Amino acid sequence: MEVLKSKKILQDFIERQKEMGKKIGFAPTMGALHNGHLSLYEQARKENDLVISSIFVNPTQFNNPEDLEKYPRDINRDILILKNSGLVDAVYIPEVVDIYPEKAESKHYDFDGLENEMEGKSRPGHFDGVGTVVEELFVQVKPDNAYFGEKDFQQLAIIKKLAKKNKIPVKIHGVPIYRAENGLALSSRNQRLHEDRKDASKIIFETLKKVNEWFHTITIQEIKDRVQDVFDDQQGMKLEYFLIADEETLKETDFFYKGRSFRAFIVVIVDGVRLIDNMHLD
Ligand code: PAF
């Protein structure tokens, strides 16, 4: 596996691959790799000649400086995981200046309103930061296919919109949420939780499954009240938001409409760690 530590080294590498006509699959990450990331590479491996990942903790997508500071970083561990997985041909580990040659600042995007819902409300400027780094990585890596986890469903929708509106020639793929045995969605942030809190956090997935059961029998307001009650009873957990939204517009809905697809979205703070999850409602 090649470790590409600057934009120049990456560009030479990409040029050689493109000359050989290789189809490139790309999965950008912020490191602290886990099995959820490996599931992105597995899918990329099946559909491309070459799999590239990147590791870059993007400063512009953190609206909270403490969150940026606390974000887990262990580059040597990550490189070892990638090498041992045998799934990745090259990892790009840029310096801040390779992505932001002048100032680490976001561009401003219009994602047709997707950026104003849910995480956009809770984390102002977050999606401008994500859009800026992902667009720059697409320009540099020139992937044919790119892979993102459905755990960050809104991010996935926004990146699809980014590629479409900016006519970036890349196909965006969503990869199903990878869960621990107890159902907790895998996230780099889980590393900050003690084992007993990880165990207690399975309540998030269990609640989403119940929502899927309740979905045809009671109103959305009743579902929301029940979810609030579940988390009011959990010590050390705070429900930041729970809502049901249209899968395409991501707008919250109070009623179900025939012919539309809906998804439940939830954010819970567990001992100061922000856990996010979602589920398609059948
Ligand atoms: O999902 C992430 O890890 C990040 O938001 C991404 C897409 C790598 C951009 O920094």
Side-chain angles (χ1 to χ4, degrees), residues 4 7 10 25-41 43-44 51-65 67-75 77-78 81-82 88 90-100 104-107 109 111 114-115 118-120 122-141 143 145-163 166 168 170-178 185-192 265 267 273-278:
L4 313 166
K7 180 175 168 182
L10 171 83
F26 177 47
T29 80
M30 297 207 296
L33 300 178
H34 50 68
N35 286 342
H37 294 109
L38 298 190
S39 70
L40 304 181
Y41 308 139
Q43 190 169 326
V51 177
I52 302 182
S53 187
S54 62
I55 299 177
F56 179 66
V57 181
N58 173 36
T60 64
Q61 71 186 72
F62 288 84
N63 55 313
N64 175 353
D67 202 20
L68 172 61
E69 195 194 308
K70 284 194 177 157
Y71 202 83
R73 295 168 174 88
D74 189 345
I75 201 75
R77 173 187 169 274
D78 285 344
I81 290 178
L82 290 174
V88 174
V91 57
Y92 177 37
I93 309 177
E95 297 288 340
V96 173
V97 56
D98 292 316
I99 303 293
Y100 300 102
E105 243 173 22
S106 301
K107 291 191 203 169
Y109 291 93
F111 296 118
L114 293 178
E115 71 280 22
M118 302 183 284
E119 293 298 280
S122 294
R123 305 177 67 188
H126 170 67
F127 288 120
D128 277 340
V130 171
T132 306
V133 72
V134 171
E135 186 176 7
E136 183 57 27
L137 286 168
F138 283 168
V139 168
Q140 294 187 19
V141 176
N145 294 295
Y147 299 83
F148 296 86
E150 284 186 351
K151 182 175 75 67
D152 297 299
F153 192 85
Q154 188 175 10
Q155 168 174 281
L156 170 65
I158 279 177
I159 291 168
K160 283 184 181 161
K161 188 70 85 178
L162 169 84
N166 293 281
I168 305 172
V170 56
K171 185 161 184 234
I172 309 297
H173 302 257
V175 178
I177 299 176
Y178 194 98
L186 256 53
S187 160
S188 305
R189 289 197 165 86
N190 297 357
Q191 285 187 18
R192 288 167 53 196
F265 294 87
V267 174
V273 181
R274 195 167 182 276
L275 301 183
I276 174 168
D277 204 342
N278 66 77

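The structure presented is a predicted model; accordingly, all values stated were derived computationally and were not measured. Just so you know, ligand 1 is whichever comes first in the structure, and atom 1 is the first atom listed for that ligand.
Every side-chain contact (heavy atoms from CB on, under 4.5 Å) that T132 has, sequence neighbours left out, goes to Y100, S106, K107, Y109. A search for side-chain contact (heavy atoms from CB on, under 4.5 Å) contacts involving A146 returns F138, F148, V170, I172, not counting sequence neighbours. The side-chain contact (heavy atoms from CB on, under 4.5 Å) search around D152 returns Q155, I276, not counting sequence neighbours.
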Anything under 3.5 Å between an N or O on ligand 1 and a protein N or O? List each pair with its distance, or write none.
from, atom 1, to, atom 2, distance (Å)
ligand 1, 1 (O), Q155, NE2, 2.8
ligand 1, 5 (O), Q61, NE2, 2.9
ligand 1, 5 (O), Q155, OE1, 2.7
ligand 1, 10 (O), Q61, OE1, 2.7

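In this structure, the side chain of T29 engages the main chain of S54 through a donor-acceptor pair within 3.5 Å.
Within 6.0 Å of the CD atom in E95, the count of heavy atoms belonging to other residues, nucleotides or ligands does not exceed 12.
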Kindly determine whether Y71 and F62 satisfy ring-ring contact (aromatic ring centres under 6.0 Å, His included), including the steps that lead there.
CA-CA 10 Å; Y71 202 83; F62 288 84; 5.5 Å; yes

